[in-house]
2 protein chains.
Amino acid sequence: MARLRSRKRVNDPEGMRNKVLDVAEAAFQARGYHASSLGDLMAAAGVSGGALHHHFPTKKALALAVIDERVAAAVEATWIAPVQAAASARDGVRAVFEAVAAELEQQGFVRGCPLNNLAHELSLADPDFRAALARIFSAWRQAIADKVRADQREGREQGTDPQRFAALAVATYSGAMSMAKTAQDAGVLRDCLPAQGEAWK
Amino acid sequence: MARLRSRKRVNDPEGMRNKVLDVAEAAFQARGYHASSLGDLMAAAGVSGGALHHHFPTKKALALAVIDERVAAAVEATWIAPVQAAASARDGVRAVFEAVAAELEQQGFVRGCPLNNLAHELSLADPDFRAALARIFSAWRQAIADKVRADQREGREQGTDPQRFAALAVATYSGAMSMAKTAQDAGVLRDCLPAQGEAWK
DNA sequence: GACAAAACAGGACAACCGGTCTGTTTATAA
DNA sequence: TTATAAACAGACCGGTTGTCCTGTTTTGTC
């Protein structure tokens, strides 16, 4: 019997499970969950049906893994970590907006926010999906709110409500990405940031 | 040959085409485009396959009709008209937020914004979808921007950029609805409005 | 080396999807 | 009435979907 989880790689040094997650993450982002067939994913990942079914018994299990392991990590990397590292919550939010806008304009194509893309398609489809997605939204908002509270402990942002500020930041970003995706123009992100000197309350 | 388009109803006084659009609008809103099969829609509308194919040759044509005729009308009814009728752009935006929040809290269920739901799923799937959805976003934003300009002609809102204000309003609403849908809690809409007396810039 | 479990291969299958086809009824115009 | 086209009914088909199932290979442990 297996006492401890074995962590040895088999054939692929990178791991076949990770390759499937890579492909699924990209496909769900580009085409959505329902529009991505397991056949497509198998072909794109160079994986047999048996292998895929071994790691992910159902398509739902695969999507849940993508959400928990990849989408959450993406939010952490592009939002939570930069905000925590910034000089202030307000600076951090602005920096992320500008960084994402610059990145999108450089690559000339807007795929949208991974979290929001899946949230719109799957939130009402299944309670498990909704719970997993809601957790990520919650962590995202809380990280920003915590940063505001840290600012307040240092005497700044006395007039701001941490919860409201975080909700507004996440909502503005999510909505701006939605528009940017539909218009295929990242400029909307900049329009949603206040002009220099103006407050963003 | 048909010289002019005949407009007489056949069996159903309400029109079978409208009934299909009703059902399709609701299904696309609740389950999305790909998750709604034509069989489901036929059963829900009590319509035969031949009838559906007569009015809408393809599923894409049906979705395009839903977007152009229903989603656009929904945005017009819940956003454009109220904003135009309001005392000011700022009041109008705030009123819509509060009206939608109240309506959602009353019915205890958040289905999300019809436009954003379809935009996320279909914007990258097909250029025709994307164009139709982008048109609605554009009209939505322009109506708000026009209202700001009307305010400015009366001496108010001198410091505000109409385009930015409109983009921010639409983005905030879209993103707040996204969170509200995933959390199944309309309270986020209120969190995204500024506290009394604070400016929303 | 022996053995058990995990990792993987690949075919099979039933259900379902969207679209097409042919036929029938109804309404309009001459 | 008669001709014509729109409005509708319902069966049908090829292709695809997600899942399951039976083997085979590889890995880790004694």
Side-chain angles (χ1 to χ4, degrees), chain A residues 1-24 27-28 30-67 118 121-122 125-126 128-129, chain B residues 1-24 27-28 31-66 118 121-122 125-126 128-129:
Chain A
M1 67 187 75
R3 297 120 186 281
L4 283 173
R5 193 58 61 86
S6 63
R7 277 278 140 244
K8 205 60 173 301
R9 279 76 161 247
V10 183
N11 283 332
D12 193 341
E14 191 213 337
M16 184 162 273
R17 197 187 116 100
N18 279 320
K19 179 178 287 187
V20 172
L21 284 177
D22 287 343
V23 170
F28 291 166
R31 292 185 294 275
Y33 174 80
H34 287 101
S36 302
S37 77
L38 294 181
D40 294 343
L41 301 182
M42 283 162 47
V47 162
S48 70
L52 190 145
H53 179 263
H54 173 71
H55 292 289
F56 309 101
T58 65
K59 192 182 182 184
K60 173 180 168 178
L62 171 58
L64 240 23
V66 168
I67 294 171
L118 288 180
E121 189 178 3
L122 301 179
D126 189 286
D128 296 326
F129 283 147
Chain B
M1 65 187 75
R3 297 121 187 280
L4 283 172
R5 193 58 62 87
S6 63
R7 276 276 141 244
K8 205 59 173 302
R9 277 76 161 250
V10 183
N11 283 333
D12 194 341
E14 192 211 337
M16 183 162 275
R17 198 186 115 100
N18 279 319
K19 178 178 287 187
V20 172
L21 284 177
D22 288 342
V23 169
F28 291 166
R31 293 186 292 276
Y33 174 80
H34 287 103
S36 304
S37 77
L38 294 181
D40 293 344
L41 301 182
M42 283 163 47
V47 161
S48 71
L52 190 144
H53 178 262
H54 173 70
H55 293 289
F56 308 101
T58 66
K59 192 183 182 184
K60 173 180 168 178
L62 170 59
L64 240 23
V66 168
L118 288 180
E121 190 178 2
L122 301 178
D126 189 287
D128 296 327
F129 283 147

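Source: prediction; values computed, not measured.
- Between B:His53 and C:dT20, a side-chain N or O to OP1/OP2 separation shorter than 4.0 Å is present.
- For the pair B:Leu38 CG and D:dG15 P, the interatomic distance rounds to 19 Å; values are reported in whole Å.
- Mapping A:Pro57 and A:Asp40 onto DNA chain D via the closest heavy atom, the residue that lands nearer the 5' end is A:Asp40.
- Distance, A:Tyr33 OH to D:dT17 P: 13 Å, rounded to whole Å.
- The NE2-C1' distance, from A:His34 to C:dC16, rounds to 14 Å in whole Å.
- Contacts between residues 41-52 of chain A and DNA chain D, defined by a heavy-atom separation under 4.0 Å, are absent.
- Identified under the salt bridge (Lys or Arg N to Asp or Glu O under 4.0 Å) test for residues 39-59 of chain A, with sequence neighbours left out: none.
- Summarising the geometry, the separation between CE on A:Met16 and P on C:dA6 is reported as 18 Å, rounded to the nearest angstrom.
- Legend: residues meeting side-chain hydrogen bond (donor to acceptor under 3.5 Å, both in side chains) with A:His53, ordered by chain and number and at least two apart, are absent.
- Here the closest heavy-atom approach between residue A:Met42 and residue A:Ser48 is recorded as CE-C, 4.1 Å.
- The NZ atom of A:Lys19 sits 13 Å away from the C1' atom of C:dC8 (whole-angstrom rounding).
- For A:Arg31, there are no salt bridge (charged side-chain N to carboxylate O under 4.0 Å, His left out) partners, not counting sequence neighbours.
- Applying the side-chain hydrogen bond (donor to acceptor under 3.5 Å, both in side chains) rule to B:His55 yields no partners; only residues at least two apart in sequence or on another chain are considered.
- For A:Ser37, the listed nucleotide lying nearest its side chain is D:dG18; candidates were D:dG18, C:dT20, D:dC8.
- B:Tyr33 meets the ring pair (Phe, Tyr, Trp, His ring centres under 6.0 Å) test with B:Phe28, B:Phe129; sequence neighbours excluded.
- Among the nucleotides D:dC8, C:dT20, C:dC8, the one closest to the side chain of A:His54 is C:dC8.
- At the heavy-atom level, B:His55 lies under 4.0 Å from the strands shown only through sugar-phosphate atoms.
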